[in-house]
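Heads up: numbering here begins at 1 and tracks the sequence.
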Amino acid sequence: DIFALMLCQSLLGTYDAKRSGGELVSSALASNVAKLGAGVKLMQPFCTCYTDTGLFGVYFEMSMAKKEHCDDMIGTVQEELVALTTGVSEEDLASAKAMLKYNMMMQMDGTSPNAEEIGRQMLAYGRRMSLAETFARIDGIEAGDVKRVADKIIWDQEVAFAGVGKNLKYVMDMNSLRRGTYWNRL
């Protein structure tokens with residue numbers, strides 16, 4: 001399930017206000033964040049896995065000058081997280097696989113990133129995994145795998161929230177955050 005979660009991370013995409021064209025990216029979340037106009041500086045999903053536990057979520061930095069902006073940003077993130085539980089298209093899946101492989105290759109530039117990757121693999125798998133095996137596992141993931149893992153990790157689950165800075169009073173309460181982890185399905 002680790003690689004399916006990593007694909008979820010790629011499907012969500014990243015946004016950096018310092019880079020132009022954010023609204024043109026293929027990821028719905030990154031594109032929607034760029035279009036919000038809510039003072040978001042950076043948004044990136046994270047996936048940290050160990051042998052028996054892990055963390056999955058979305059990190060973002062934003063100006064919290066207006067409550068509406070906070071509500072819009074949190075609502076947008078939750079909407080796209082929950083959307084993963086309804087499934088993904090084959091086109092989006094193929095794009096996410098290519099992006100994940102590209103990002104893995106980009107992280108292998110230098111001795112320090114390689115050492116970090118070896119450490120991550122030891123913590124997650126108990127062994128060093130070859131790049132060929134890693135890519136084969138990524139290529140073997142199907143849309144149903146992403147939906148199954150998203151259902152297990154995101155759908156109707158408890159949330160954790162951490163914030164730093166002024167105007168945290170604008171962030172909705174934990175019950176409201178929790179309600180954002182599901183949709184009423186017909």
Side-chain angles (χ1 to χ4, degrees), residues 1-50 53-62 69-107 120 124 134-135 137-163 171-172 176-183:
D1 289 353
I2 291 172
F3 289 104
L5 267 177
M6 292 167 94
L7 271 177
C8 288
Q9 180 182 0
S10 291
L11 284 161
L12 293 170
T14 61
Y15 169 76
D16 188 342
K18 295 177 186 171
R19 297 182 184 174
S20 63
E23 62 278 350
L24 303 175
V25 298
S26 62
S27 157
L29 177 57
S31 178
N32 290 339
V33 167
K35 294 173 188 173
L36 273 181
V40 178
K41 297 173 186 153
L42 178 70
M43 182 280 307
Q44 57 190 26
F46 59 87
C47 176
T48 305
C49 300
Y50 305 100
T53 190
L55 294 170
F56 178 80
V58 178
Y59 165 86
F60 60 89
E61 295 175 20
M62 70 178 291
H69 290 168
C70 295
D71 291 347
D72 290 346
M73 180 58 185
I74 290 170
T76 299
V77 168
Q78 288 185 310
E79 184 82 11
E80 291 304 325
L81 284 170
V82 173
L84 289 174
T85 68
T86 65
V88 297
S89 70
E90 291 298 326
E91 181 181 335
D92 287 344
L93 184 65
S95 176
K97 286 179 181 182
M99 182 59 68
L100 178 56
K101 290 184 217 175
Y102 171 78
N103 287 335
M104 288 180 146
M105 292 296 293
M106 292 300 292
Q107 291 175 357
R120 264 193 297 277
T134 300
F135 284 5
R137 286 186 180 206
I138 292 168
D139 288 336
I141 295 172
E142 298 177 2
D145 298 322
V146 173
K147 182 184 180 327
R148 176 184 52 77
V149 169
D151 267 341
K152 183 172 136 184
I153 302 298
I154 298 167
W155 182 262
D156 201 16
Q157 296 297 315
E158 297 301 324
V159 298
F161 175 84
V171 176
M172 54 186 82
S176 298
L177 290 171
R178 174 66 173 81
R179 280 192 300 273
T181 65
Y182 62 90
W183 296 332

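- Leu36 is listed as a side-chain neighbour of Met73, based on a closest heavy-atom distance under 4.5 Å.
- Annotation for Ala124 and Cys49: closest pair CB-O, 3.8 Å, computed over non-hydrogen atoms.
- Summarising the geometry, atom CZ belonging to Phe3 is positioned 8.0 Å from atom CG belonging to Leu100; distances are rounded to the nearest 0.5 Å.
- The two atoms that bring Ser27 and Leu11 nearest to each other are OG-O, 3.4 Å, heavy atoms only.
- Separation of atoms CG (Asp16) and CG (Leu42) is listed at 5.5 Å; rounding is to 0.5 Å.
- In this structure, CE on Met43 lies 10.0 Å from OG1 on Thr76, to the nearest 0.5 angstrom.
- In plain terms, the two heavy atoms of Met172 and Asp71 that are nearest each other are CE-OD1, 3.8 Å.
- Between Thr85 and Ala150, the shortest heavy-atom distance links the atoms CG2-O, 3.5 Å.
- Applying the salt bridge (Lys or Arg N to Asp or Glu O under 4.0 Å) rule to pairs touching residues 74-99 yields nothing, sequence neighbours excluded.
- Across Ala143 and Leu93, no two heavy atoms sit closer than the pair N-CD2, 3.4 Å.
- Looking at heavy atoms from C-beta onward, Leu12 lies in side-chain contact with Leu84 at the 4.5 angstrom threshold.
- Looking at residues two or more places apart in sequence or on another chain, you find a salt bridge (charged side-chain N to carboxylate O under 4.0 Å, His left out) between Lys152 and Asp1.
- For Arg179, the side chain to side chain contact (heavy atoms under 4.5 Å, CB included) partners are Asn175, Ser176, Tyr182, not counting sequence neighbours.
- Considering only residues two or more places apart in sequence or on other chains, Ser95 meets the side chain to side chain contact (heavy atoms under 4.5 Å, CB included) condition with Ser26.
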- Message: I'd like to know whether Arg137 forms a side chain to side chain contact (heavy atoms under 4.5 Å, CB included) with Ile141, so could you lay out the CA-CA distance, the side-chain angles of the two residues, the decisive distance to 0.1 Å, and finally the verdict.
- Response: CA-CA 7 Å; Arg137 286 186 180 206; Ile141 295 172; over 6 Å; no
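- Residues Met6 and Met104 form a side-chain contact, since some pair of their non-hydrogen atoms from C-beta on lies under 4.5 Å apart.
- Atom-to-atom distance recorded for Ile154:CD1 and Lys147:NZ is 11.0 Å, nearest 0.5 angstrom.
- With rounding to the nearest 0.5 Å, the separation of CZ in Arg148 from CG in Asp151 is 9.5 Å.
- Between the side chain of Gln44 and the backbone N or O of Tyr15, no donor-acceptor pair lies under 3.5 Å.
- The closest donor-acceptor contact from the side chain of Asn32 to the backbone of Leu29 lies at 3.5 Å or more, if one exists at all.
- Atom CZ of Phe161 has more than 12 neighbouring heavy atoms from other residues, nucleotides or ligands inside a 6.0 Å radius.
- Residues Leu5 and Cys47 come closest through the heavy atom pair CB-SG, 3.8 Å.
- Every residue two or more places apart in sequence or in another chain that forms a side-chain hydrogen bond (donor to acceptor under 3.5 Å, both in side chains) with Arg120 is listed here: Glu117.
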Side chains of residues 54-62: which donor-acceptor partners sit under 3.5 Å, not counting sequence neighbours?
residue	atom	partner	partner atom	Å
Tyr59	OH	Glu61	OE2	2.6

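- Taking CE from Met106 and CG from Asn103, the interatomic distance works out to 8.0 Å, rounded to the nearest 0.5 Å.
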- Task: Show the numbers, then the answer: is there a side chain to side chain contact (heavy atoms under 4.5 Å, CB included) between Trp155 and Thr181?
- Result: CA-CA 6 Å; Trp155 182 262; Thr181 65; over 6 Å; no
